[in-house]
Amino acid sequence: MQKIFSELKTITGAYGAELVAVSKTKSVEDIMSLYNMGQRIFGENRVQELVEKQRQMPKDIEWHMIGHLQKNKVKYLAPFVDLIHAVDSWVLLKMINKEALKNNRSINILLQLKIANEESKYGLSHSELISLLEQFKEHELTSISIHGLMGMATFTDDKEQIRSEFKTLKNTFNEVKELFFSRDADFKILSMGMSGDYKIALAEGSTLIRVGSLLFGER
Ligand SMILES: *Cc1c(COP(=O)(O)O)cnc(C)c1O
């Protein structure tokens, strides 16, 4: 684990990017060994598991919710979550805003764009993303801070396809930044790249890679 962790730190550092260690299904002991090597950002995709680990582990960990989030579960994360990666609906945005207000804090989120060429229930199309942002600007959800975009490439060996999907995400990021966030320095995160495609993602402009199995072993 030490070797691949050092490699990942070096390569993300070279690109000025950051690493989310995806610890879903892994034990507190496994996560602590990475923590002891200096890693502080961990990502989970199930609310209950995330909450349980947060309760048991050191409080200087930054917890990221990287998976699909149901609106009735936002309340469990709202007191402490550092970044919610995969927001893809107005009802979810409104719920996050409401729970953030209740907790007297602002919650950082990313909007998920659907870039993969496969049937997936989650993520926004380009036009849905634009409409959502128009709605967001109109309604001023003041307890939410949109920090950028997130996406997942198709699960394939075709590197050029993956590259082209990441390019689409990066182009959309630039477009949305200019249209809606040109004076907002917080809109700066492009979350893309996993164990199998993080090198392509970094080359295409990722600022945050989400790596699980490469660090912790197969799930
Ligand atoms: C599981 C997961 C990852 C990490 O996947 P690996 O292939 O194990 O690196 C990244 N992003 C999301 C949204 C995930 O659910």
Side-chain angles (χ1 to χ4, degrees), residues 17 20 22 43-47 64-74 77 81 83-100 107-141 143-184 186-198 200-210:
V20 180
V22 177
E44 293 279 336
N45 70 341
R46 288 182 199 283
V47 170
H64 289 196
M65 174 62 189
I66 60 168
H68 178 70
L69 178 58
Q70 285 173 295
K71 72 176 194 321
N72 60 336
K73 296 202 173 156
V74 173
L77 300 181
V81 71
L83 185 64
I84 300 176
H85 282 234
V87 178
D88 65 355
S89 75
W90 178 247
V91 282
L92 184 55
L93 265 184
K94 276 201 308 193
M95 181 60 84
I96 295 170
N97 189 63
K98 185 172 148 192
E99 294 297 331
I107 294 182
N108 303 330
I109 67 121
L110 306 177
L111 295 172
Q112 182 179 7
L113 186 73
K114 197 185 291 190
I115 52 170
N117 179 21
E118 51 197 19
E119 272 312 308
S120 155
K121 285 176 290 193
Y122 307 126
L124 298 152
S125 69
H126 182 275
S127 62
E128 287 166 344
L129 174 67
I130 301 295
S131 316
L132 190 73
L133 286 167
E134 282 166 351
Q135 211 168 356
F136 180 75
K137 287 288 152 167
E138 213 173 290
H139 289 81
E140 300 247 353
L141 302 183
S143 298
I144 280 195
S145 179
I146 301 183
H147 278 215
L149 301 183
M150 176 267 198
M152 290 170 87
T154 304
F155 189 70
T156 172
D157 290 330
D158 183 345
K159 291 200 162 43
E160 285 320 302
Q161 182 178 347
I162 294 170
R163 187 179 299 283
S164 120
E165 291 172 0
F166 285 152
K167 276 188 199 296
T168 300
L169 185 54
K170 171 70 176 175
N171 289 339
T172 306
F173 176 90
N174 289 344
E175 179 196 356
V176 159
K177 169 91 188 159
E178 190 170 311
L179 282 174
F180 298 96
F181 299 98
S182 57
R183 281 165 308 188
D184 182 349
D186 285 335
F187 190 90
K188 61 182 178 200
I189 299 180
L190 186 51
S191 166
M192 62 185 194
M194 314 184 359
S195 291
D197 56 20
Y198 73 91
I200 306 174
L202 288 168
E204 296 305 328
S206 172
T207 71
L208 192 59
I209 59 171
R210 311 177 307 270

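Basis for what follows: all heavy atoms, side chains included, without hydrogens, waters or symmetry-related copies. The shown structure was predicted, so the numbers you read here are calculated from the model rather than taken from an experiment.
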Chemist: Any non-hydrogen side-chain atom of F181 less than 4.5 Å from a side-chain atom of D186?
Modeler: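 They are not in side-chain contact.
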Chemist: Carefully, step by step, assess N108 and I189 under the rule side-chain contact (heavy atoms from CB on, under 4.5 Å).
Modeler: CA-CA 11 Å; N108 303 330; I189 299 180; over 6 Å; no
Chemist: Measure the spacing between CD1 of I200 and CD1 of I162 and express it to the nearest 0.5 Å.
Modeler: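 Here the rounded value is 4.5 Å.
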Chemist: Show the nearest heavy-atom pair for residues E118 and F155, with the distance to one decimal.
Modeler: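 Answer, listing the atom of E118 first, then F155: OE1-N, 3.5 Å.
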Chemist: Show your working on side-chain contact (heavy atoms from CB on, under 4.5 Å) between F187 and L149 and close with a plain yes or no.
Modeler: CA-CA 9 Å; F187 190 90; L149 301 183; 4.2 Å; yes
Chemist: How close do A86 and G67 get, counting heavy atoms only, and between which atoms?
Modeler: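 Between these two residues, the closest heavy atoms are CB-O, 3.7 Å.
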Chemist: Could you give the side-chain donor-acceptor pairs of residues 91-100 under 3.5 Å, partners two or more places apart or in another chain?
Modeler:
from, atom 1, to, atom 2, distance (Å)
N97, OD1, S143, N, 2.8
E99, OE2, K102, NZ, 3.2

Chemist: Restricting to non-hydrogen atoms, name the atom on V47 and the atom on M65 that form the minimum distance, rounded to 0.1 Å.
Modeler: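 Heavy atoms of V47 and M65 come nearest at CG2-CE, 4.2 Å.
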Chemist: If the test is salt bridge (charged side-chain N to carboxylate O under 4.0 Å, His left out), which one of K170, R163, K159 qualifies with E204?
Modeler: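 One option only clears the test, and that one is R163.
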Chemist: Please name the pair of heavy atoms, one in L202 and one in A17, separated by the smallest distance, quoted to 0.1 Å.
Modeler: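 The pair with the smallest heavy-atom distance is CD2-CB, 3.6 Å.
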Chemist: Around atom CG of N72, are there more than 12 heavy atoms of other residues, nucleotides or ligands at under 6.0 Å?
Modeler: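 Yes, CG of N72 has more than 12 neighbouring heavy atoms, counting only those of other groups under 6.0 Å.
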Chemist: Might you point out which heavy atoms bring Q161 and T156 nearest each other, and give the distance in Å?
Modeler: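 Of all heavy-atom pairs spanning Q161 and T156, the closest is OE1-CG2, 4.1 Å.
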Chemist: Measure the spacing between CG of L129 and CZ of F173 and express it to the nearest 0.5 Å.
Modeler: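 Taking CG in L129 and CZ in F173, the distance rounds to 11.5 Å.
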Chemist: Are there over 12 heavy-atom neighbours, none belonging to E178, within less than 6.0 Å of that residue's CD?
Modeler: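 Atom CD in E178 is not packed in, count stays at 12 or less.
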Chemist: So, N174 side chain and N171 main chain: donor-acceptor pair closer than 3.5 Å or not?
Modeler: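 Looks like no, no N/O pair under 3.5 Å.
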Chemist: What distance do H147 atom NE2 and S191 atom OG have between them, rounded to the nearest 0.5 Å?
Modeler: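 OG of S191 is found 13.5 Å from NE2 of H147.
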Chemist: Is there side-chain contact between V87 and I144, with heavy atoms separated by less than 4.5 Å?
Modeler: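 Answer no - side chains too far apart.
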Chemist: Stepwise, does the side-chain contact (heavy atoms from CB on, under 4.5 Å) test hold for R210 with M150?
Modeler: CA-CA 10 Å; R210 311 177 307 270; M150 176 267 198; 3.6 Å; yes
Chemist: Might you point out which heavy atoms bring Y122 and K114 nearest each other, and give the distance in Å?
Modeler: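 It is O-CE, 3.4 Å.
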Chemist: If I take atom CG from residue L208 and atom NZ from residue K188, how far apart are they, to the nearest 0.5 angstrom?
Modeler: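 If we round to the nearest 0.5 Å, L208:CG and K188:NZ are 11.5 Å apart.
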Chemist: Out of curiosity, D88 CG to S125 OG, how far, rounded to the nearest 0.5 Å?
Modeler: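 Those atoms lie 10.5 Å apart.
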Chemist: Counting only heavy atoms not in K177, do more than 12 sit closer than 6.0 Å to its NZ atom?
Modeler: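 Yes, the 6.0 Å shell around NZ holds more than 12 heavy atoms from other groups.
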Chemist: Measure up the H85 and H64 rings against each other and bin them: parallel (under 30°), tilted (30 to 60°), perpendicular (over 60°).
Modeler: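 Answer is tilted, since the angle falls between 30° and 60°.
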Chemist: Does any part of the side chain of I146, heavy atoms only, come nearer than 4.5 Å to the side chain of F180, both counted from C-beta?
Modeler: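 A side-chain contact is absent here, since even the closest heavy-atom pair is not under 4.5 Å.
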Chemist: Do L141 and W90 come within less than 4.5 Å of each other through their side chains, counting heavy atoms only?
Modeler: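 SC-SC contact between L141 and W90 confirmed.
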Chemist: Taking side chain as C-beta onward, heavy atoms only, is L83 less than 4.5 Å from I66?
Modeler: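 No. Closest side-chain heavy atoms not under 4.5 Å.
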Chemist: Drop me the distance from K167's NZ to T172's OG1, to the nearest 0.5 angstrom.
Modeler: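 Output value for this atom pair is 13.0 Å.
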